[in-house]
Amino acid sequence: MSLRLYSTLTRKKEDFETIEPGKVRMYVCGPTVYDKAHIGHAMSAIVFDIVRRYLMYRGYEVTYVMNFTDVDDKIIKRANESGEDSFQLGERLIADYQQNLVDLNVLPASIHPRATQEIDGIIAMIEELIAKGAAYHANGDVYFRVDKDDDYGKLAHRNLDDMQAGARIEVNPHKENPMDFALWKTAKPGEPAWDSPWGKGRPGWHIECSAMNRRHLGDQIDIHGGGNDLIFPHHENEIAQTETITGKPFARYWMHNGMLQLNGEAMSKSTGNMIRIEEFLAEHDADVMRMMILNASYRGPLTYTDEVVAMAEKAIERLKSAFKPALPGAKGLPPAGADALTAQGEQTRANFIAAMDDDINTAGALGHLFELVKAINVTRDEGAQDEQLADAQAVLRELTEVLGLRLQDADKAGQGDAAKFIDLLVALRSEVRARKLFDLSDKIRGSLKELGVAIEDSREGSSWHFE
RNA sequence: GGCGACGUGGCCAAGUUGGACAAGGCAAGGGUCUGCAAAACCCUGAUCAUCGGUUCAAAUCCGAUCGUCGCCUCCA
């Protein structure tokens, strides 16, 4: 079995083969920083974090680029409203977003380029496009000439005639074709601007990604990702720009995640229909967000409801249950029993890989992990000792880390000095229980519960864990 | 109007290049354990939107119908 990925370009699952053996060049469109990021951005970041982690797990060396668009109409508008400098606004929101990514356990990108730091490369590409007759200068702006690109529309699978038939855009009299898009925009007073052969101005939205790709990853890349709302026009235009210049296929695999739905429609900063990442994380663990995504197919829409959040929360608890230690007083299992669990761990790893190889089928992969959870818990209930559970638990840990789950607090490690005091309280409570002072022992349990410590009694004794 | 996706048990959801058993999670009910609780474990449920067709065989292919949604305009 080998990895297969669905590509929007061919609308099929394709065998994954990299340009350079063993290496993956991957670019994911990051946010336009004019407002704090919402959990839809988190979904995209997490989806591609999982893809990246899995590629690494499969032995690839991954160069991962996620850009920031820090010059754009909306940023300028927002900055003008608040009186903040647009560069400062961008800077601040980039810092916020990077903190969001850390909090979400998204691995840092290899490179985080910004549009404003790529202006020279952008201008160079525009000049090349003009030289090739694929772009033209009109009234201070530069536009890409879509008629010149005979396979324009191949990513979104539509043709120019269809699009023009349904176009509702205002016709710009300077454009040769209404579908032509801006590569360079002439500066208006008070806007950030750079010198160029066409006067002071700033780049259009799509050219920056072409330029950043080219500079940091080269003419051809393996994976280009983003939300499926970017397929058209953004990614279509990236293809047009880059391929017109290089004459070579741009990205081998175009991957697009589905939209997170809230109140029946996609989250959007512009309509205010959103939950910010920091708002979500104030209420829930980052694992919960990730679990919601893992339980669904990354390409389809994901509906955000309180019920889905609650289910994800419980599912995380269930995964954690497998890491609980042996029962107090466990007598151990005959070797055959322990070996069976170890074998099941190996089987789980194979099943996990088979699922993930099939276009990152996380929901299927999760199913296999839960099967292992059950096996571990059954074996524990049968009296296995810690060492007899260890191999299977190690596999589970390995695979949940591939998915980017932290599953912290599953044991007492790292909780510092509190543990020994809690041990003491639990031991005292056991004495109290032995004397059948149940109202007092329940009070201890209840008080600890409020502090986030759950006690579980069994015949052989009591254990506890942080919640 | 154009392009596209989807409809699996109460909820989320895998499986959909036809072929054993329709994974898994949540919720619910019954049970084991327990002073109680919690956890864990055991048991219980769907013929796959509807209709028709192809086939030895269909959730999986074809057609129709109904319904939901996305994109075509800034958006992960």
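Everything numeric here is computed off the predicted structure, so don't read it as measured data. Letters A, B, ... are given to chains in the order of the sequence lines, protein chains preceding strands, and every chain is numbered from 1.
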Name the nucleic acid region contacted by [X], choosing base, sugar-phosphate or nothing; use a 4.0 angstrom heavy-atom cut-off, strictly under.
X	result
A:E371	sugar-phosphate
A:I455	base
A:G258	base
A:L327	nothing
A:G227	sugar-phosphate
A:R433	base
A:R445	base
A:R276	nothing
A:G226	sugar-phosphate

Mind checking side chain to side chain donor-acceptor pair (under 3.5 Å) for [X] and listing every partner two or more places apart, or none if nothing turns up?
X	answer
A:E81	A:K77
A:E191	A:R202
A:W184	A:S196

Once salt bridge (Lys or Arg N to Asp or Glu O under 4.0 Å) is applied, do any residues pair with A:R11, and if so which ones, sequence neighbours excluded? none

Quick one: which residue pairs count as a salt bridge (Lys or Arg N to Asp or Glu O under 4.0 Å) with a foot in residues 360-385 of chain A, not counting sequence neighbours?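 Pairs touching residues 360-385 of chain A that pass the test: none.
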
So, for A:Y143 and A:F181, is the gap between ring centers shorter than 6.0 Å? no

Between the protein and nucleotides 42-44 of chain B, which nitrogen or oxygen pairs are less than 3.5 angstrom apart?
| unit_1 | atom_1 | unit_2 | atom_2 | d |
| --- | --- | --- | --- | --- |
| B:C42 | OP2 | A:K374 | NZ | 3.3 |

Partners of [X] by side chain to side chain contact (heavy atoms under 4.5 Å, CB included), sequence neighbours excluded?
X	value
A:T10	A:S7, A:K12, A:E14
A:T379	A:L333, A:L341, A:A384, A:L389
A:S86	A:I75, A:A79, A:P192

Whichever of A:N228 and A:R11 has the more 5' nearest nucleotide on RNA chain B, that residue is A:R11

Residue whose closest nucleotide on RNA chain B lies nearer the 5' end, A:F232 versus A:H157: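 Checking each residue's closest nucleotide, the 5'-ward one belongs to A:H157.
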
Side-chain atoms of residues 94-105 of chain A: list all donor-acceptor pairs with protein atoms under 3.5 Å, sequence neighbours left out, distances to 0.1 Å.
| unit_1 | atom_1 | unit_2 | atom_2 | d |
| --- | --- | --- | --- | --- |
| A:Q99 | NE2 | A:D103 | OD1 | 2.9 |
| A:N105 | ND2 | A:G404 | O | 2.9 |

Give none if B:G35 has no partner; otherwise give the nucleotide forming a Watson-Crick or G-U wobble pair with it, both distances under 3.5 Å. none

Does B:C61 have a Watson-Crick or wobble mate here (both distances under 3.5 Å), and if so which one? B:G53

Tell me, which of residues 435-443 of chain A have any heavy atom that sits under 4.0 Å from an atom in RNA chain B?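 Contacts with RNA chain B under 4.0 Å: A:F438, A:S441, A:D442.
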
Can you tell me whether the side chain of A:N159 and the base of B:C3 have a donor-acceptor pair closer than 3.5 Å? no

If only side-chain N and O atoms of A:R299 are considered, is one of them under 4.0 Å from the OP1 or OP2 phosphate oxygen of B:C69? no

Give a yes/no answer on whether the side chain of A:R158 brings an N or O atom under 4.0 Å of OP1 or OP2 in B:C71. no

Between B:G2 atom P and A:L160 atom CG, what is the distance in whole Å?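 It is 18 Å, rounded to the nearest whole Å.
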
Do the side chain of A:K320 and the main chain of A:Q408 share a donor and acceptor less than 3.5 angstrom apart?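 Pair found, side chain donor or acceptor close to backbone of A:Q408.
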
With B for base contact, S for sugar-phosphate-only contact and - for none (protein heavy atoms under 4.0 Å), nucleotides 11-18 of chain B reads BBSSS-B-

